[in-house]
Amino acid sequence: MKLEIKALVIGVYAVIGLLVALYQHWWGHASHQGFAYNLGQGIVWPALLIPSVGKLISGLLLVGIIAVIVMRSK
């Protein structure tokens, strides 16, 4: 049962990402870009639709990279 819910959530996320990519490719602010560019934005669609989520993701990545650098130097 738990695996079915996980697959459903991943599938819904992927479908929403594909729809965002198609929308951006045809009518979005980056419609002059190629489909691969818009698909890349569709993969991280929450960060595209809610800018504060993008800042949160970039902050977590920055902290993670700094943590890896600090842990490797020891």
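Quick caveat, the model's predicted, so the values are computed rather than measured.
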Grab the two heavy atoms, one from [X] and one from [Y], that are nearest each other, plus how far apart they are.
X: Asn38; Y: Gln33; answer: ND2-O, 3.8 Å
X: Val53; Y: Pro46; answer: CB-O, 4.0 Å
X: Tyr13; Y: Val44; answer: OH-CA, 4.0 Å
X: Gly54; Y: Ala47; answer: CA-CB, 3.6 Å

If two hydrophobic side chains count as joined below 4.5 Å and joins carry through other members, does Val9 share a cluster with Ile16? no

Does Leu39 belong to the same Ile/Leu/Val/Met/Phe/Trp/Tyr cluster as Val20, with side-chain heavy atoms less than 4.5 Å apart forming each link? no

Below 30° counts as parallel, above 60° as perpendicular, anything between as tilted: where do the rings of Phe35 and His25 land?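 Aromatic pair Phe35/His25 classed perpendicular.
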
The residue among Val12, Leu18, Leu19 that forms side-chain contact (heavy atoms from CB on, under 4.5 Å) with Val15 is Leu19

Using 0.5 Å steps for rounding, measure from the CD1 atom of Ile66 to the CG atom of Leu61. 11.0 Å

Rounded to the nearest 0.5 Å, how far does CD1 of Ile5 lie from CD1 of Ile10?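 Going from the CD1 atom of Ile10 to the CD1 atom of Ile5 covers 12.0 Å.
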
Take atom OH in Tyr23; do more than 12 heavy atoms of anything else shown fall under 6.0 Å from it? no

Ignoring hydrogens and angles, tell me if any N or O in the side chain of Tyr37 forms a donor-acceptor pair with the backbone of Ser31 under 3.5 Å.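 It does not hold such a pair.
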
